[in-house]
There are 2 protein chains.
Amino acid sequence: MNIDTRNTFQPGSPQWWSTQPRERNSSSGRGRPSISFEKIIATALEIVNSAGPQALNMRVLADRLNSGTATLYRHFESKDEILAYVVDRFLGLLLEHKRDLSNLDWRGACFVTATDFYHQLSACPHIIPLLSSQIPVGPNALTLREAWLSMLLDAGFPPSMAASVYTTIAHYVLGFASQLSAGGRISQDTSHHLSQFFDRLDPALYPSTVKIAPQLSNISIDDEFSFGMKLIIHGLDYELNQAKLA
Amino acid sequence: MNIDTRNTFQPGSPQWWSTQPRERNSSSGRGRPSISFEKIIATALEIVNSAGPQALNMRVLADRLNSGTATLYRHFESKDEILAYVVDRFLGLLLEHKRDLSNLDWRGACFVTATDFYHQLSACPHIIPLLSSQIPVGPNALTLREAWLSMLLDAGFPPSMAASVYTTIAHYVLGFASQLSAGGRISQDTSHHLSQFFDRLDPALYPSTVKIAPQLSNISIDDEFSFGMKLIIHGLDYELNQAKLA
DNA sequence: ACCTGAACACCGTTCAAGT
DNA sequence: ACCTGAACACCGTTCAAGT
């Protein structure tokens, strides 16, 4: 736990992103910096992915780059800015692995896209807390959002509904992933402990919890994810028909 | 941003909770401590609610209690333990304000319970990041889970499905609330900035995003929440019928 | 001009001294 | 026995000195 928000990230004033890809001093002729923008972010993402956000501190990052902490501040305003770029680079992975959705209807496309997002998050659980603490507005985030929204518009959702659908699904995936990261730090060990904990509860006090204890902790989290996504898509189907009738 | 997880909370081994309400040295006759367990948690919750988790540090908390930091460690093992109790105390508010659901069917009960939870989170947005970073297993968390699960079982959901439904809705509410807290730090100001940011995007690059920009940032977040909850409940209705037929 | 070691400020935690 | 000021370890950030 231990959420530290000393330097509050202001998602509403995304001061680090321009609407055009920012030209960083990556190889600007004379006086080229010894470490590049890209190299810093790549290294930071490596550290986060392998050891979690708490393992990323400016000293470790600088050391890994054979540099000093102060040098990092020549490239980035703050650690938060670095983390924002790390998140966007992670979202870039989704773009790279994007599947062909052209022969799926919107139901299939929603399911596949959400599931791919979820699986990518499962593969990089350490990214999840970072994603919940900011509204991603980097270039890759924008591209992903655009793809989602245009798919929904093409499927015939009215604009106001497309926005709601996008929000609903995004929140569902993120909410699911959040608990994944909370429970997933040492997941094999953890779920066993959790299951034991629920089993040991007094059945007189918590009859339903005890009854469902095996399901609560042993069911495949992936199956639970699919279950909820199907619920949402089914509900969407209904709403879309209502909207078309109106 | 700036997620600090130095002292990782282990949700699977909830070492601080017993299955019976723990008897703390609140007024144990002789040698009573100058500050009580309850007083510490109440003060910590006040600080978190009014100024956010980042404002809660051991020095501030000790000062507010006219004590020293070391004294806090006579009552709690760590700051994380304090935060876990803060979360459970927050969940206690939900129990206090619980509405009578007896004349609602499960659809209404789901909707009302999820919405009340969501509203309580909106009223205490600073609690949200704490909730996503742990699986609550305190006494109030257990009582709430029990109420949910027994309601679902009573409604005729088979046990395995009740667990999935509980998980789905919990994740949805939390995912929604997460973005609320990410975007909600200075929400009135923030949503204006976000909307400006989306408006200024190049329509050639992000046509759908620009088209939906007003919806994306201006739509009432409460309406979006209701929309998604209705989707889920509608989907549940379908699944429950399927299960009953099988 | 660019880089960076060293310092500063801050915070969780512990310890030894005080009552 | 209980409390707590002071110290320790750690980390984000800055600054002044070095090249």
Side-chain angles (χ1 to χ4, degrees), chain A residues 1-10 15-16 24-37 39-40 43-44 47-48 51-86 130 133, chain B residues 1-10 15-16 24-37 39-40 43-44 47-48 51-86 130 133:
Chain A
M1 208 143 77
N2 202 344
I3 307 284
D4 188 347
T5 22
R6 203 176 315 137
N7 309 291
T8 302
F9 176 57
Q10 316 281 27
Q15 68 267 42
W16 308 312
R24 284 285 183 163
N25 47 1
S26 38
S27 63
S28 50
R30 73 212 66 246
R32 79 169 45 147
S34 57
I35 46 177
S36 75
F37 174 86
K39 182 77 181 156
I40 297 174
T43 308
I47 296 172
V48 169
Q54 83 284 5
L56 179 68
N57 69 55
M58 301 304 263
R59 269 161 261 257
V60 165
L61 183 54
D63 279 0
R64 197 77 88 88
L65 293 159
N66 284 88
S67 180
T69 57
T71 306
L72 297 173
Y73 287 88
R74 296 191 51 76
H75 297 264
F76 298 93
E77 225 176 54
S78 65
K79 185 186 177 185
D80 278 353
E81 188 185 356
I82 295 180
L83 289 175
Y85 278 98
V86 164
L130 301 182
S133 59
Chain B
M1 208 144 75
N2 202 345
I3 308 284
D4 187 350
T5 22
R6 201 177 316 139
N7 309 291
T8 302
F9 176 58
Q10 316 282 29
Q15 68 267 44
W16 307 312
R24 283 282 183 167
N25 48 3
S26 39
S27 60
S28 50
R30 72 211 68 245
R32 77 169 48 148
S34 58
I35 46 177
S36 75
F37 175 85
K39 181 77 181 159
I40 296 175
T43 308
I47 295 173
V48 169
Q54 84 283 6
L56 179 68
N57 68 55
M58 301 304 263
R59 269 162 259 259
V60 164
L61 183 54
D63 279 0
R64 197 77 88 87
L65 292 159
N66 284 88
S67 180
T69 56
T71 306
L72 297 173
Y73 287 87
R74 296 192 51 76
H75 297 263
F76 299 93
E77 226 177 53
S78 65
K79 185 186 177 185
D80 278 352
E81 189 184 355
I82 294 181
L83 288 174
Y85 278 97
V86 164
L130 301 182
S133 59

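What you are looking at is a predicted structure, and each value in this text was computed from that prediction instead of being measured. In what follows, chains carry the letters A, B, and so on, assigned in the order in which the sequence lines appear, proteins first and then strands, with residues in each chain numbered from 1.
Rounded to whole Å, the distance from CZ on A/R74 to C1' on C/dG5 is 15 Å. Nucleotide C/dC10 holds its P atom 15 Å from the NZ atom of B/K79, rounded to whole Å. When rounded to the nearest whole Å, the span between CZ of A/R64 and P of D/dC11 equals 14 Å. In this structure, CG of A/N57 is placed 17 Å from P of D/dA9, rounded to the nearest angstrom. Atoms CE (B/M58) and C1' (D/dT4) sit 14 Å apart, rounded to a whole Å. Atom CG in B/L56 sits about 11 Å away from atom P in C/dC11, given to the nearest Å. The distance from atom CG of A/L65 to atom P of C/dG5 is 13 Å, rounded to the nearest whole Å. Spacing between atom CD1 of B/I47 and atom P of C/dG12 amounts to 11 Å, rounded to whole angstrom units.
Between B/T69 and A/A70, the residue anchored nearer the 5' end of DNA chain D, judged by the nucleotide with its closest heavy atom, is B/T69.
The distance from the OG atom of B/S67 to the CZ atom of B/R74 is 10.5 Å, given to the nearest 0.5 Å. Separating the CZ atom in B/R64 from the OG1 atom in B/T43 is a distance of 7.0 Å, to the nearest 0.5 Å. Atoms CZ and CD1, from A/F37 and A/I82 in turn, are 9.5 Å apart once rounded to the nearest 0.5 Å. Rounded to the nearest 0.5 Å, atoms OH (A/Y85) and CZ (A/F76) are 7.0 Å apart. In this structure, CG in B/N57 is found 8.0 Å from CD1 in B/I47, a value given to the nearest 0.5 Å.
A sub-4.0 Å separation between OP1 or OP2 of C/dT4 and a side-chain N or O of A/S67 is present. The shortest distance between the side-chain N/O atoms of B/R59 and the OP1/OP2 oxygens of C/dC11 is not below 4.0 Å. Between A/T71 and the phosphate of C/dC3, there is no side-chain N or O to OP1/OP2 separation shorter than 4.0 Å.
Within the 4.0 angstrom heavy-atom criterion, no nucleotide atom of any strand lies near B/L72.
For B/V86 against B/A44, the heavy-atom pair with the smallest separation is CG2-CB, 3.6 Å. Heavy-atom minimum distance, A/L56 versus A/K79: O-NZ, 2.9 Å.
Paired regions of DNA chain D, where each region holds three or more successive Watson-Crick or G-U pairs whose two hydrogen-bonding distances fall under 3.5 Å, are C:4-8 with D:12-16, C:12-16 with D:4-8.
Distances from the side chain of B/S78 to the nucleotides C/dT13, C/dC11, D/dT13 place C/dT13 closest.
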